[in-house]
Every structure is written in structure tokens, then in C-alpha cells.
Amino acid sequence: MRSSWADSVANADNSAFATGASASTISNNAANTAPRPGRPAYVPPHLRNRPASSEPLAVPSSADRSFASKLSPGLGVSSGGSQWGSGLSRPGLSNGRGGSGGWGSRNSSWDREANPFTNEDETVDEAAFDGQDNTGINFDAYEDIPVEISGENVPQAVSTFAEIDLGEAVNENVRRCKYVKPTPVQRHAIPILLARRDLMACAQTGSGKTAAFCFPIIGGIMKEPPSQRQRGSRTAYPQALILSPTRELSIQIHEEARKFSYQTGVRVVVAYGGAPINQQLRELERGVDILVATPGRLVDLLERARVSLQNIRYLALDEADRMLDMGFEPQIRRIVEQMDMPERGQRQTMLFSATFPREIQRLASDFLYNYIFLAVGRVGSSTDLILQRVEFVLDSDKRSHLMDLIHAQRVNGAHGKQALTLVFVETKKGADSLEHWLCINGFPATSIHGDRTQQEREQALRSFKSGATPILVATDVAARGLDIPHVAHVINFDLPNDIDDYVHRIGRTGRAGKSGLATAFFNENNSSLARPLAELMQEANQEVPQWLSQYAVTRSSYGGRNRRSGGARFGGRDFRRDSSTRGGGGGDYYGGVGGYGSGAYGASSGYGGGNPGLTSAWD
DNA sequence: AAAAAAC
């Protein structure tokens with residue numbers, strides 16, 4: 001079972017953990033609301049969301065009111081009960097107590113809120129993953145993380161969750177998530193967001209970014225009366241929009257957000273492509289406060305007028321630098337600037353990523369109003385629970401070399417189970433053929449890439465997480481944000497062309513304070529990456545092979561997009577600060593793999609990225 | 001040049 005952060009401190013056990021996220025449970029809300037024992041009678045869809053016209057409006061009894069006020073003292077929700085009788089369902093509040101009594105038993109029983117803390121997917125044999133080296137988590141290192149903050153009137157950071165009191169319901173969810181102490185990015189970002197300031201935040205992979213923007217959004221929505229829903233309108237008016245670059249990441253964010261908002265009455269819905277739209281439409285019709293979406297499906301919903309953005313008060317872009325890169329920018333701009341979303345300044349905008357190139361910062365500033373820049377850097381200066389290795393491997397030798405690595409991995413697997421190995425390749429075809437080759441050579445592998453069906457993608461992720469196929473061949477679809485516990489080894493079979501992608505990829509391992517290994521196959525084709533890679537590894541106190549250093553000097557073009565500035569400093573930099581200086585040098589932010597999350601520096605210096613059971617909230 | 005993201 002999971003252990004809490006506190007447990008992991010006490011036990012110095014940073015290996016046993018489980019994520020709460022599971023593709024199947026998230027994407028399958030219908031299943032979650034399936035009939036269960038003791039549940040009131042089924043209400044057909046056409047009768048849902050209608051106040052029973054022949055009956056008086058649902059007015060909570062005084063007992064129920066006090067329950068509501070217990071849920072969110074001082075947040076104004078307690079007095080809002082009667083507002084919710086008018087067609088806007090607040091299933092959490094109405095069904096908070098076991099589903100009987102209260103308003104839920106009358107008109108909302110059909111949408112009893114499934115408990116997001118029960119993970120049907122958690123069939124993984126956790127014990128099989130135990131027993132890795134435990135170095136303990138040193139919370140003192142926590143205080144040493146370099147932080148750069150710029151902007152006007154920056155709110156004070158907090159150091160405990162008690163200081164971020166968002167009401168008893170949310171506090172209870174914090175406890176259920178086993179969060180003991182906010183992570184550095186949470187300590188700074190949450191007060192900034194609660195002060196209603198726009199934010200651009202850079203923090204390592206696995207550093208708790210999702211929670212950092214979810215908690216303030218949920219708290220803000222709970223404070224306001226729920227927006228009235230037009231009767232008869234099939235348009236949904238979410239108050240918060242969270243965009244992410246891949247479907248699986250949206251699924252994961254949704255899963256997390258559901259935990260944070262459980263029994264708060266705040267409804268979270270996810271919408272993404274590749275899955276039947278009808279179920280998503282039904283979820284939207286039931287009411288949505290927070291919409292988590294990928295851009296394409298959202299545009300579809302906007303064009304169908306099934307979603308309007310006119311009530312958006314919170315906009316969050318996860319993996320914001322990816323969302324604003326060449327492939328995504330027009331679509332994002334369209335959603336943010338050319339639909340009916342309130343302008344910047346009229347909404348609160350929050351951008352999060354582990355990497356933030358300065359030119360992307362410049363683009364992003366279009367969306368922001370008087371924002372605060374926050375960079376949470378690495379812990380301490382050194383060592384390596386994640387070992388980064390680079391090996392010179394010709395394309396023709398890659399497969400046999402991979403086989404050697406996996407063999408070694410198998411030997412090292414705990415309890416006879418093979419440790420999870422995530423293999424990144426450059427192309428979808430390459431992923432297919434490598435998966436096939438691995439399989440016919442007796443290695444249980446699966447793959448995830450954009451040409452597979454959504455079902456196949458989610459199945460692959462499940463099968464990998466469960467250990468059924470401990471090798472996952474992936475394109476960059478899996479490079480960002482995904483919280484896959486127990487990944488012991490990330491292999492860059494093909495290196496990416498962009499160092500930021502490398503940073504995100506290797507951030508899939510070394511999570512939650514576990515040790516991790518990242519191996520890259522480098523050859524002539526990757527010469528443009530030599531210099532940034534060598535610099536990155538040096539910053540991470542990794543051993544840089546002599547030949548790579550040579551390569552960096554002699555074979556890579558000077559400067560260029562991949563060039564990082566700032567040398568050994570931890571790198572976080574607000575582009576506004578050096579916009580007066582010349583253009584090229586100053587500013588990419590690299591917050592990436594350096595810190596606690598990936599473990600490269602952090603884990604050994606203690607902070608370790610967290611703990612078992614916390615992990616899934618950590619990106 | 002590739003990947004991702006709607007039907």
C-alpha cells in the first residue's frame with residue numbers, strides 16, 4: 001500500500017509508492033457512477049438536472065446547512081445551498097455523506113460523486129517494487145532550494161498547508177492525498193494565485209505543479225456562488241480551463257483535480273480527442289466548474305457551442321512552453337484570444353512548466369497581466385539518484401545495445417520482477433518496429449504514440465504501469481508530465497533534437513525520491529545536441545564523457561536555439577529582467593531535471609521529490 | 001524532420 005510522505009521520512013523509505021492516477025478510472029466516469037449497493041434509484045438522463053417541477057425546490061434542512069458550512073467554513077458556500085436547487089448540480093456537497101440524507105437523496109442521487117481515492121487500477125504488486133535503496137528524505141534541503149521570483153508585490157510564501165486553509169473539505173482532501181507539507185513550488189505559487197495574481201512558474205518535473213494550480217482554482221470557485229446555468233441551454237460555462245498538450249496528461253490532471261475537489265461541490269470534467277464525444281458531452285451537461293482539455297477537442301466543443309468560455313475566471317496552461325511552441329501556438333491563441341474568454345486581467349492566468357525558453361516567455365506574456373515569475377530551482381548542488389549516462393551508439397547497433405541494457409535491468413529487477421523501462425524513440429514507425437522487435441525477442445513490450453488508438457494508448461500505459469509489459473516504447477507523447485511510478489530506467493534510444501525534450505523525458509524517472517537511471521544513445525545524428533547535453537550534464541554533476549565534451553566543442557554550432565545561458569547557476573530567469581540586454585543570451589529557463597523531482601540533484605541532497613503516494617500530484 | 005492535437 002502507499003506510504004505517506006511522513007511515513008517515508010520516518011522509514012527512510014522512498015521507494016514504495018503508488019500513484020493514484022489511472023487512465024481507466026479517469027476516463028471512465030460512467031463506470032464510476034455505475035449503480036452500487038445502497039444507491040438510490042436510477043434517474044434517466046432526460047430527467048436529470050431538472051428541478052422536480054411538481055415538488056418544491058430542494059432546500060437543505062438546517063442539518064444539511066450546517067454540514068455544508070462544515071465543508072467550507074467561511075467560504076460562503078454554506079449560504080449558497082438554495083442556489084444549487086436551480087439546475088446546477090453540486091454533487092459533492094449534495095452527496096457528501098454516504099449518499100443518504102441531505103439534498104443528494106432527492107435530486108442528485110444519480111450523480112453521486114465517485115470516490116477518486118479508490119483506485120481500481122491499483123492492482124500493482126507494490127511489494128515487488130519495494131526494497132530499493134533508501135536514502136531518506138532530508139527536509140532541511142527543502143529550505144535550500146534556490147528560488148527566483150520577480151514581479152510587483154509578491155505575496156509571502158507559506159510553509160504549511162494549514163496556512164493555505166481552503167476549507168475543511170479541501171483540507172480533508174489534502175490529508176487523503178497524504179500531503180504533509182507543501183512542495184517549494186506550492187509554497188510560493190499558491191499564495192500568489194490566492195492573491196489573484198497571474199503567474200508564470202517554472203519548477204522541476206514532478207514537483208507538484210498540478211496541485212499548485214488546482215488548489216487555488218478550487219478555492220476560488222468555492223468562494224463564488226456557482227454560476228447560474230441557463231435553463232434548457234446545452235452550453236456549459238466552466239469557470240476554469242486547464243489545457244494540456246496530450247490526452248493522457250489531461251486524463252491525469254483530471255484525476256488529480258478530482259481528488260483535490262472531492263466533496264467540495266466543485267465539478268471537474270475532462271474532454272479530449274480520440275474518445276467518444278458523447279460521454280464527454282453528458283458530463284458537461286451535468287455541469288462543469290473546471291474543464292480539463294486538450295486543445296483540439298476543446299475547439300470542437302466550442303464550435304458546437306457545447307462549451308462557452310465567457311465565464312472563465314481561471315486559465316491554466318500546463319506544460320506551457322509546449323502549448324506555445326510552433327505546433328500549438330495558433331490553436332492556443334485562438335482559444336484564448338479569439339473565442340469568448342475574458343481578456344487577460346479579467347481572468348487569472350497561470351502558466352506552468354519545467355522548461356521555459358525565453359522566446360516562449362515572450363509569447364506567453366501576451367496572455368498574462370502584471371504577472372509574477374517564479375522559478376524553483378534545484379536542491380543543493382549535487383548528486384545523483386538519477387544517473388545520466390550517454391553512450392556512443394551507431395544506429396545499426398542500437399537494438400543490440402538496448403537488449404544488453406534490458407538484460408542488465410532484468411537482473412537488477414527487484415523480486416524477480418523486471419524494473420520498468422521507458423524507451424523513447426523519435427518516430428511513431430520507429431516505436432512500432434522497436435516494440436515488435438522487442439516482442440519477438442522475448443521482451444514484453446508495448447508502445448504508445450499518436451498513431452495508436454486512444455484505447456490502445458491508455459491500455460499501453462496501464463499495462464506498463466502494472467508491470468505486465470515492463471518495457472514501454474514511446475514517442476514524445478509520453479515525454480511530458482506523465483506520472484508513471486516505478487520507472488527505473490529511461491532510455492533515449494533516439495535522442496530528441498531539443499534539450500528541453502530531453503529534460504522532460506528523463507524526468508519520467510527518479511520521481512518520488514527514487515533513484516533513476518537515464519541512458520542516452522548518442523551518435524553523429526545528434527551532434528546539435530552535444531553541447532547543450534554536455535552543459536546540462538555538467539550542471540547536474542554528471543560525468544560527461546570525454547568524447548562528448550570534444551563533440552560539444554568541435555561539432556556543434558555555436559549558440560543556437562539550444563544554447564543555455566547562465567552556466568552553472570540554477571537557471572531560472574524572468575525574461576523581463578534581461579530584455580534590456582541583448583536578445584540571445586540571457587534567458588532560457590531550465591528548471592527541468594535538476595531538482596528534487598527528477599532526483600538528479602535533489603534526491604541525494606535529500607528532498608527527493610516527495611514520497612510515495614504523493615507522486616501523482618507532483619507534476 | 002517529427003510529434004502532438006478534432007471529427
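To find a chain, count down the sequence lines: A is the first, B the second, and so on, and within it residues start at 1. Only this structure's heavy atoms are used, side chains among them; waters, hydrogens and symmetry mates stay out.
- Taking 4.0 angstrom as the limit, Arg457(A) places a side-chain polar atom (N or O) nearer than this to OP1 or OP2 of dA5(B).
- Aromatic rings from Tyr551(A) and Phe522(A) are positioned such that their centres are separated by under 6.0 Å.
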Start with the C-alpha gap between Phe213(A) and Phe352(A), add the side-chain angles, then the distance that decides, and say whether ring pair (Phe, Tyr, Trp, His ring centres under 6.0 Å) holds.
CA-CA 9 Å; Phe213(A) 61 76; Phe352(A) 283 77; 5.2 Å; yes
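- At a threshold of 4.0 angstrom between heavy atoms, the contacts of Gly327(A) include nucleobase atoms, whether or not backbone atoms are also involved.
- At the phosphate of dA4(B), OP1 or OP2 sits under 4.0 Å from a side-chain N or O atom of Thr475(A).
- Ring centers of Phe215(A) and Phe260(A): under 6.0 Å apart, within the cut-off.
- With rounding to whole Å, Gln331(A) atom CD is found 10 Å from dA4(B) atom C1'.
- In the region residues 299-306 of chain A, proximity to DNA chain B at under 4.0 angstrom, judged on heavy atoms, holds for Asp300(A), Glu303(A).
- Regarding Leu529(A), its CG atom lies at a distance of 15 Å from the C1' atom of dA1(B), rounded to whole Å.
- The side chain of Thr246(A) lies closest to dA4(B), out of dA6(B), dA4(B), dA1(B).
- Residue Thr294(A) has its side chain nearest to dA6(B) when only dA3(B), dA6(B), dA4(B) are considered.
- You'll find that the side chain of Thr427(A) is closest to dA2(B), out of dA2(B), dA6(B), dA5(B).
- Within the nucleic acid shown, Arg247(A) comes within 4.0 Å of sugar-phosphate atoms alone, with no base atom in reach, counting heavy atoms only.
- The phosphate of dA2(B) has neither OP1 nor OP2 within less than 4.0 Å of any side-chain N or O from Lys429(A).
- To the nearest angstrom, P of dA3(B) lies 13 Å from CG of Asp501(A).
- In terms of the ring-ring contact (aromatic ring centres under 6.0 Å, His included) criterion, Tyr371(A) has no residue partners (sequence neighbours excluded).
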